[in-house]
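Count residues from 1 along the sequence.
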Amino acid sequence: MSSVLSAASRPRLPRPSWLSPKVFRTEVLAGLVVALALIPEAISFSILAGVDPRVGLFASFTMAVTIAICGGRPAMISAATGAVALVVAPLAKEYGLDHLVAAVILGGAIQILLAVLGVAKLMRFIPRSVMVGFVNALAILIFVAQVPHLLGVPWLVYPLVAVALAIMVGLPRLTRAVPAPLVAIVVLTVVTVTTHAAVPTVGDEGALPDSLPTLGLPQIPWTMDTLTLIAPYALGIALVGLMESLMTAKLVDDITDTPSSKTRESWGQGVANIVTGFFGGMGGCAMIGQTMINVKASGARTRLSTFLAGVFLLILVVALGDVVAVIPMAALVAVMVIVAVSTFDWHSVAPATLRRMPYGETIVMVTTVVTTLATHNLAVGVVVGVLTAMVVFARRVAHLVEVTSVLDPEGTTRIYSVHGELFFASSNDLVGRFDYANDPDSVIIDMTHAHVWDASSVAALDAVTTKYAARGKTVEIVELNRPSAHIHGTLAGRLGVGH
C-alpha cells in the first residue's frame with residue numbers, strides 16, 4: 001500500500017507538447033513539407049560537392065534525425081548544406097569520397113571539442129547589425145539560388161510558380177489547418193501529372209536512392225599524412241557549420257521568443273556530423289531556408305518536426321521515389337521564394353529606419369551583406385561583419401575620453417581629471433592632452449572617472465610621466481579603481497616607453 005502511495009505522490013514529468021493533437025498535426029505536416037523541400041536542395045549540394053546525389057540525401061537524413069535528439073534548438077533543421085559543400089568540394093574532387101567522409105567525421109569531433117571549450121559563448125559578441133546583415137544576405141542567396149530554375153524553362157513554369165505563390169499568400173488568410181506550402185506542392189503536382197505538362201521535375205535534378213544508407217568506415221590510409229591532408233578541411237567544416245548553426249539558432253530564438261542551449265547545439269552538430277560520416281554522408285549544419293519553412297511557414301515548434309523531416313525524407317526518396325520525382329520544380333521554387341521574402345528584414349532597409357540608424361550600424365549591415373554575396377559564404381560574411389563592427393566601435397569610443405584640468409589655489413599643482421574608458425583606441429591621443437611645457441612642477445592625474453583596460457593605456461600614462469620627468473616635473477596618478485590599479489601596478493614602467 002505504501003509503495004502505491006509513494007508512486008502516486010511522485011511528481012509527474014511534463015507532457016511533451018507535441019502529444020497535443022493540434023501540435024502533433026502541425027509538426028507532422030511541417031516535417032513533410034521540409035522533407036519535400038530538402039530533396040532538390042540535397043541533390044544540388046551533392047552536385048556542388050562533386051559527389052553522388054545519394055551522399056547528400058543520406059546526409060540530410062542522418063543530420064536531421066540526429067540533431068533532433070542531440071541539438072539544443074527545437075524545430076531547427078540541419079542537413080547537407082551549400083556552405084559545407086563548398087568547403088569539401090576540393091577534397092572530394094582530388095581524393096574522392098572516402099577522404100571527404102573522414103574529414104566530416106574529424107570535423108564533427110572538432111565541433112564537440114569547440115563546444116567543450118565554450119565557443120558558443122562567443123555568440124554574444126555578434127552585434128545586431130551583423131545578425132541583420134546575415135539574415136538579409138541569406139534571404140538574397142536563397143532567392144538567387146532559385147533563378148537558374150526560372151531560366152531557359154518552358155513558359156508553363158511561370159504560371160505554375162504564380163499559382164503556387166498565390167496559394168501560399170492567400171491560403172493562410174482563410175485557414176492555417178494545413179501548411180500552405182504543402183497545399184501548393186500537392187496542387188501543382190496533381191495539375192502537372194494529370195495534364196502531362198512537360199515541365200522540370202525533382203527527378204530531373206538527379207537519381208534518387210533505392211536502398212537504405214549503410215554503416216561503415218572510410219577506406220583511407222590511417223596515417224599522419226592522411227590526418228595532415230584532411231585536417232584543414234575538417235576545421236573548415238567545423239567552423240563554418242558551427243557559425244551557421246549558432247546564427248540560425250539565435251534567429252529562431254528571436255522568431256519563437258524561446259531560449260535554446262547553444263552549447264548543446266554545438267556538440268549536437270558535432271555528433272550529427274560524426275554519425276553522418278559513418279553512414280557515408282557529406283556532412284552539414286543548420287539550414288536556415290528549411291528552418292524558416294519549418295518555423296515560419298509551417299508553424300513547427302518542437303523536435304518532432306525535425307525528426308520527421310529526416311524520416312519522411314528517407315521514406316520519400318527510397319520508398320516513394322517515383323512519386324517524388326514527378327513533383328514540379330516550380331512548386332519548390334515558389335516555396336523558397338516565399339521563404340526568401342519572409343526571411344529578409346524589410347524594416348532594416350526602410351527609409352525611416354535608415355534615417356534614424358547610426359551611420360556605423362548601417363555600414364556594418366551592408367558590409368556583412370556584400371561580403372556574403374561576394375563569397376557565397378555566410379561564415380566569411382559574419383566574420384567580416386564582426387571585424388567591421390569592432391572597427392566602428394573602436395572609432396566611436398576613441399573620442400569618448402575627456403581630459404579637463406584646474407590649477408590649485410596656490411598655483412603650484414596642476415590637477416588633470418580623466419573621464420572615460422582607456423584602451424588601445426581611446427588612449428592613443430591621451431598623450432597630447434597635457435601641457436608639459438607650461439604646467440607647474442607638480443602634476444596630479446585624477447583617474448576617478450576613468451578605467452584602464454589594457455597595456456596600451458598603461459603605456460600612454462607612462463609616456464605622459466616620462467615627458468614630465470624629462471622637464472624635471474613630478475606626476476602622481478591617483479584614484480585608480482581596483483582593476484585599473486592592478487594592471488597599472490603590474491605594467492607601469494615595464495613597457496619600455498621613452499627608452
Legend entry - Residue pair Gly277 / Val101: nearest heavy atoms and the distance that separates them: O-CG1, 2.9 Å
Legend entry - Side-chain heavy-atom pair Ile105, Phe278 within 4.5 angstrom cut-off: yes
Inset, instruction - Could you tell me the separation between the CD1 atom of Ile230 and the CG atom of Leu106, rounded to the nearest 0.5 Å? - result: 5.0 Å
Legend entry - Exam field: side chain Asn273 to backbone Gly283, donor-acceptor pair closer than 3.5 Å: no
Inset, instruction - Evaluate the criterion side-chain contact (heavy atoms from CB on, under 4.5 Å) for residue pair Met336 and Ile293; output intermediate values, then yes/no. - result: CA-CA 8 Å; Met336 297 308 292; Ile293 292 176; 3.7 Å; yes
Inset, instruction - Quick one: closest heavy-atom pair of Pro127 and Val386, and the distance? - result: CD-CG2, 4.3 Å
Inset, instruction - Please assess Val65 against Val311 for the test side-chain contact (heavy atoms from CB on, under 4.5 Å), listing each intermediate value before the final yes or no. - result: CA-CA 7 Å; Val65 170; Val311 173; 4.3 Å; yes
Legend entry - Arg301 CZ: over 12 foreign heavy atoms closer than 6.0 Å: yes
Inset, instruction - Calculate, to the nearest 0.5 Å, the distance between atoms CG and CD belonging to Leu239 and Glu244 respectively. - result: 12.0 Å
Inset, instruction - Please examine the side chains of Leu32 and Leu308, heavy atoms only from C-beta on, and report whether any two atoms are closer than 4.5 Å. - result: no
Legend entry - Value rounded to 0.5 Å, distance of OG1 in Thr62 from CG in Leu314: 10.0 Å
Legend entry - Validation row: Val34, Ser298 side chains within 4.5 angstrom (heavy atoms): no
Legend entry - Closest contact, heavy atoms only, Ala300 versus Ser305: CB-OG, 3.4 Å
Legend entry - Student check: side-chain heavy atoms of Leu36 and Leu182 closer than 4.5 Å: yes
Inset, instruction - To the nearest 0.5 Å, tell me how far Ser260 OG sits from Lys250 NZ. - result: 10.0 Å
Legend entry - Minimum heavy-atom distance between Leu100 and Met282, given as atom pair plus value: CD2-CA, 3.6 Å
Inset, instruction - Scan residues 79-90 for pairs that pass side-chain hydrogen bond (donor to acceptor under 3.5 Å, both in side chains), counting only residues two or more places apart or in two chains. - result: none
Legend entry - Sidechain-backbone polar pair: Thr192 side chain, Thr189 backbone, donor-acceptor under 3.5 Å: yes
Inset, instruction - Would you kindly say whether Ser245 and Glu265 are connected by a side-chain donor-acceptor distance under 3.5 Å? - result: no
Inset, instruction - Would you give the length of the straight line joining atom CG of Leu188 to atom CG of Leu160, rounded to the nearest 0.5 angstrom? - result: 5.0 Å
Legend entry - Sequence-distant partners of Phe279, ring pair (Phe, Tyr, Trp, His ring centres under 6.0 Å), two or more places apart: none
Legend entry - Flag side-chain contact, heavy atom, 4.5 Å: Phe61 against Leu57: no
Legend entry - Contact summary for Val364 and Gly385, nearest pair of heavy atoms: CG1-O, 3.6 Å
Inset, instruction - May I ask you to decide if Phe424's main-chain N or O and Asp454's side chain share a donor-acceptor pair within less than 3.5 Å? - result: yes
Legend entry - Polar contact flag, side-chain donor to acceptor under 3.5 angstrom, Thr226-Thr223: yes
Inset, instruction - Please round to the nearest 0.5 Å and tell me the distance separating atom CG of Leu251 and atom CZ of Phe134. - result: 7.0 Å
Inset, instruction - Answer whether the closest heavy-atom distance between the side chains of Glu27 and Val23 falls below 4.5 Å. - result: yes
Legend entry - Taking every non-hydrogen atom, the tightest pair across Leu316 and Ala35: CD1-CB, 3.9 Å
Inset, instruction - Look at the side chain of Thr66 and the backbone N and O of Met63, then say whether any donor-acceptor pair between them is shorter than 3.5 Å. - result: no
Inset, instruction - Please answer whether the main-chain N or O of Ser261 pairs with a side-chain N or O of Arg73 as donor and acceptor at a distance below 3.5 Å. - result: no
Inset, instruction - Measure the shortest side-chain to side-chain distance between Ile39 and Ile43 over non-hydrogen atoms and say whether it is less than 4.5 angstrom. - result: yes
Inset, instruction - Applying side-chain contact (heavy atoms from CB on, under 4.5 Å), run through Val337 and Phe143 and close with a yes or a no. - result: CA-CA 6 Å; Val337 168; Phe143 181 83; 4.3 Å; yes
Legend entry - Among Thr362, Thr353, Asn136, the one residue meeting side chain to side chain donor-acceptor pair (under 3.5 Å) with Ser348: Asn136
